[in-house]
Each structure stands twice: as C-alpha cells, then as structure tokens.
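Report on the structure given below.
In listed order, ligands and their atoms are each counted from 1. We're numbering straight along the sequence, starting at 1.
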Amino acid sequence: MHAQIKPWVLGIETSCDESSLSVFDPSCKKFIYEKTLTQIHAHAKFGGVVPDLASRLHLSLLTQIVLDLNQKFPHWPQRIGWVAATTRPGLITSLLVGGVFGKSLAKFLMVPFVPIDHCEAHLYSSVLETEAVPFLSLDEMRNQFPITALIVSGGHTYWIGVDTSFRSRCLGTTLDDAVGECFDKVARMLGLGYPGGPEVERLASIGDPDRFDLPVPMPRGLDFSLSGLKTAVRLALCQYPEMTDQIRSDLCASFHQSIERLFECKIQQCIRQEKPTSVWFSGGVSANHRLRDVVARVCAQNHVNCRIVPRKYAGDNASMIAYLGYLKYKQDPDSCMRQEAGIVPYSIFSGFGLSISKSKR
Ligand code: KG4
Ligand code: ZN
C-alpha cells in the first residue's frame, strides 16, 4: 500500500438482529460505505429475536453485504488497515458470526483486529457526524470531558461517566428491564409489533397522557427500574377486556409520559450529582424524538452541553464500531492489541474506555 494513503477501517456489527458493515476513511473522515440489513421482519412474528435464526441470517446477510462492497469497491481488501468487530455483549451465536468473520479477515489481510464492546460503541456513537454536526476529534472530546453518557437500548441501560483520561465507570444501570425492553414488552401487551419503541412513540403522540395514572419509577441514585411501570400498564389493561384504538393510544401516551418524567428526573439528578461538562445520549431508544427533546431541554436548563447521537446511528450499526475501532487504535495501538479479544455474551467494563479503564461497580 502507498505510504501516503491512510488505510480504511472496516467495522462489523452482528450482536443482535442487525447485520451491518461499514468502512471509515480517516483521510476524509467519512464513512465511504455503510450498509445495515435488518432482520426485524424475520423475528417479528415471534415477538422478539430468535437467537438461532439470527445467527443463520447474519451468515447470509453478511455475505450479501460483502458482495455489495465488492461491487462498489473492488479493491477494498488492499485498502483495509484494520478490522473492528463487536465481540461483546450480545447473543453469543450472533456475536460469533461477525467476530469470527472479522478476526479471520484481519488474519487473512495481515492487519490488526480490534475487538469492540457494543455498549462502548453506543457511548461514542454520540460523536458521529451528521450534515449539521461535525465529528468530534479526540482533542475536542477531551475538552468536553468529564461527561456522563446515558446509553439506552433494547438490552442495556447504563449511565457511564468518562473522565479527561478517557477512563469510564458505570454510575447506574437498570435493576430489571432495559428501557427499550420495557417499550417492547408494553407494545407486546398492546398487541403491537416488534420492536415496540417506534410504534409506542407514534401512538403516544395521538393519545391522552392523563387518562391513566401510571407511576414514575424512581429507585435510588441513577439506577432505573421499569418492572413496576410495566406491571401498572398490565393492571390498567385488565380493566378493559375489549381493546380499542383509543385505549391503546391513551395507554401508550400515559406510559410515554412516565418515561419522559423518569428521564427528566434522572438527568437532573445526574447533573446535580456528577456535575458533568456534557451529557451524551445514545442507544436504540435515543431515536425517540420526545426523549431526545427531554434530554436536550434538561441540559439546556442546567447550562450543560448535550450531545445526542444522530438518529441514523441510534440503533445498531457498524459505523459506530468502525469509528470506535479507529479511535481506539489511533489512541493506543499497543493496549488495543493486548485487549481481550474473546467473544463473550456479557459486557466487561474492564475493557471499557479508550485507554486504561476501571469500573467502580
Ligand atoms: O440499540 P438497539 O438497536 O439494539 C440493542 O442494542 O438492544 O436498540 C433497540 C431498542 C428496541 O428495544 C427498540 O424498541 C428501541 O430500541 N427503540 C425505541 C425507539 N426506536 C427503537 N424505543 C423508544 N422509542 C423509539 N422511537
Ligand atoms: Zn445496541
């Protein structure tokens, strides 16, 4: 490869039900290739992700994507400087497909393999670029630190604090369901499709939020607990043996209102307690317009910077994997190579953070 040409970074994401591949070109700071093929429709009739089906679909969808990449950039293998893939946490058989593909490709191309923690990739997805907001460089990020990041998805709910040395620690999590999981379960109770978040959000916007008096669950500190709210929705539903569109929308609106109030309180509490310079918000649930507004509003009221992931990158995608792989390798190639590259279903916070990192929990 020509010494002047900066190598591309290939990112792979297969931790759940999205098969995704992305190529980042550091010389122009652009994703020159991004493709995510969702498996949602295949899993929808089962009301959730079926692990065995997901891994088999990843195999065929990743192959499709690589063929497409071949067509668009026939010489892509010569340009790849390193490969990053999600190796934890997620469905183990799904992680294996992308993880083994990434490791084998890196070996074949004789380039480094960078294992990526999916939750950490969501965390740093807040710095990704949109037409309106440019990428944050490492130095610009450092200027924003200390930050606290709220990562909310279908499987994870975390408050993560990151200091100026890029060390991260977990400040809070959910005691039961993840926020996205709660949206999905409420949707299921109401006979809505999977994933439930977008449909609950849509119905909430046309329903009456004051019709049902649902609780705002408020456990200690920055932790979340959603099971009480979920039970309250179930109990409210029991009063109506005949479901109508109106009841469904009103229940979604009341549920959504409780979640908004919960977010408002937790963000306020986080700002009071942690005094961050900036609050970041990401993960699948951060695609929710009203929750994005709540986070932005509370930050503005408290004069705290706010960085919300571009909607395009809120759900699972390989661009956040490629970009974190790029940052990690650029920041510290040696520690990056020493990192545990095993494929495991759980998140290991000792691997979290762009440099040395330690969890306090
Ligand atoms: O990050 P993600 O794509 O996958 C995981 O890592 O889990 O998040 C998926 C979750 C699902 O639970 C989905 O219902 C939720 O994000 N979600 C939403 C919205 N869009 C997706 N939740 C609330 N409102 C939305 N608009
Ligand atoms: Zn995710």
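The shortest side-chain heavy-atom distance between Glu18 and Asn317 does not fall under the 4.5 Å cut-off. The closest side-chain heavy-atom distance from Val233 to Lys230 is not below 4.5 Å. At least one side-chain heavy atom of Leu229 sits less than 4.5 Å from a side-chain heavy atom of Ile259. The closest side-chain heavy-atom distance from Ile12 to Ile321 is not below 4.5 Å. Two residues are said to be in side-chain contact when any heavy atoms from C-beta on lie closer than 4.5 Å; Val83 and Phe101 fail this criterion. Annotation: side chain of Phe255 is not in contact with side chain of Phe212 (no heavy-atom distance under 4.5 Å). Side-chain atoms of Phe281 and Ile267, non-hydrogen and from C-beta on, never get closer than 4.5 Å to each other.
Counting protein heavy atoms only, atom 3 (O) of ligand 1 is closest to Asp316 N, 3.1 Å. Protein heavy atom in closest approach to atom 21 (C) of ligand 1: Gly284 O, 3.5 Å. In terms of protein heavy-atom proximity, atom 12 (O) of ligand 1 is closest to Asp184 OD2, 2.7 Å. Nearest protein neighbour of atom 9 (C) of ligand 1, counting heavy atoms only, is Gly154 N, 3.7 Å. The nearest heavy-atom contact from the protein to atom 24 (N) of ligand 1 is Asn288 ND2, 3.0 Å.
Considering backbone and side-chain atoms alike, Gly315 places every N or O at 3.5 Å or more from each N or O of ligand 1. An N or O contact shorter than 3.5 Å links Gly155 to ligand 1 by distance. For ligand 1, the polar-atom distance check finds no N/O of Pro195 at less than 3.5 Å from any of the ligand's N/O atoms. Taking only nitrogen or oxygen atoms, main chain and side chain alike, Gly197 reaches within less than 3.5 Å of ligand 1. Considering backbone and side-chain N/O of Phe183, none are found under 3.5 Å from N/O of ligand 1.
In this structure, CG in Asp176 is found 10.0 Å from OG1 in Thr173, a value given to the nearest 0.5 Å.
Electrostatic pairing of Asp184 and Arg188 does not count as a salt bridge here, judged by no charged N lying under 4.0 Å from a carboxylate O. Between Asp293 and Arg297 there is no salt bridge, since none of the side-chain N atoms of the basic residue sits less than 4.0 Å from a carboxylate O of the acidic one.
In this structure, the side-chain hydrogen bond (donor to acceptor under 3.5 Å, both in side chains) partners of Arg248, at least two apart in sequence or on a different chain, are Asp245. Among residues two or more places apart in sequence or in another chain, the salt bridge (Lys or Arg N to Asp or Glu O under 4.0 Å) test is passed with Arg202 by Glu199.
Among residues at least two apart or in separate chains, ring-ring contact (aromatic ring centres under 6.0 Å, His included) pairs with a member in residues 35-75 are Trp8-Phe73.
The option with the heavy atom closest to atom 26 (N) of ligand 1, from among Glu18, Arg311, Glu201, Met320, is Glu201.
With ligand atoms numbered from 1 in the order given, ligand 1 contributes 1 (O), 6 (O) to contacts under 4.0 Å with heavy atoms of His122. Remark: ligand 1 atoms within the under-4.0 Å shell around heavy atoms of Gly180 are 12 (O).
Looking at His118 against ligand 1, only its side chain comes within 4.0 Å, counting heavy atoms.
Around the Zn ion (ligand 2), the protein atoms of type N, O or S that sit closer than 2.8 Å are His118 NE2, His122 NE2, Asp316 OD1.
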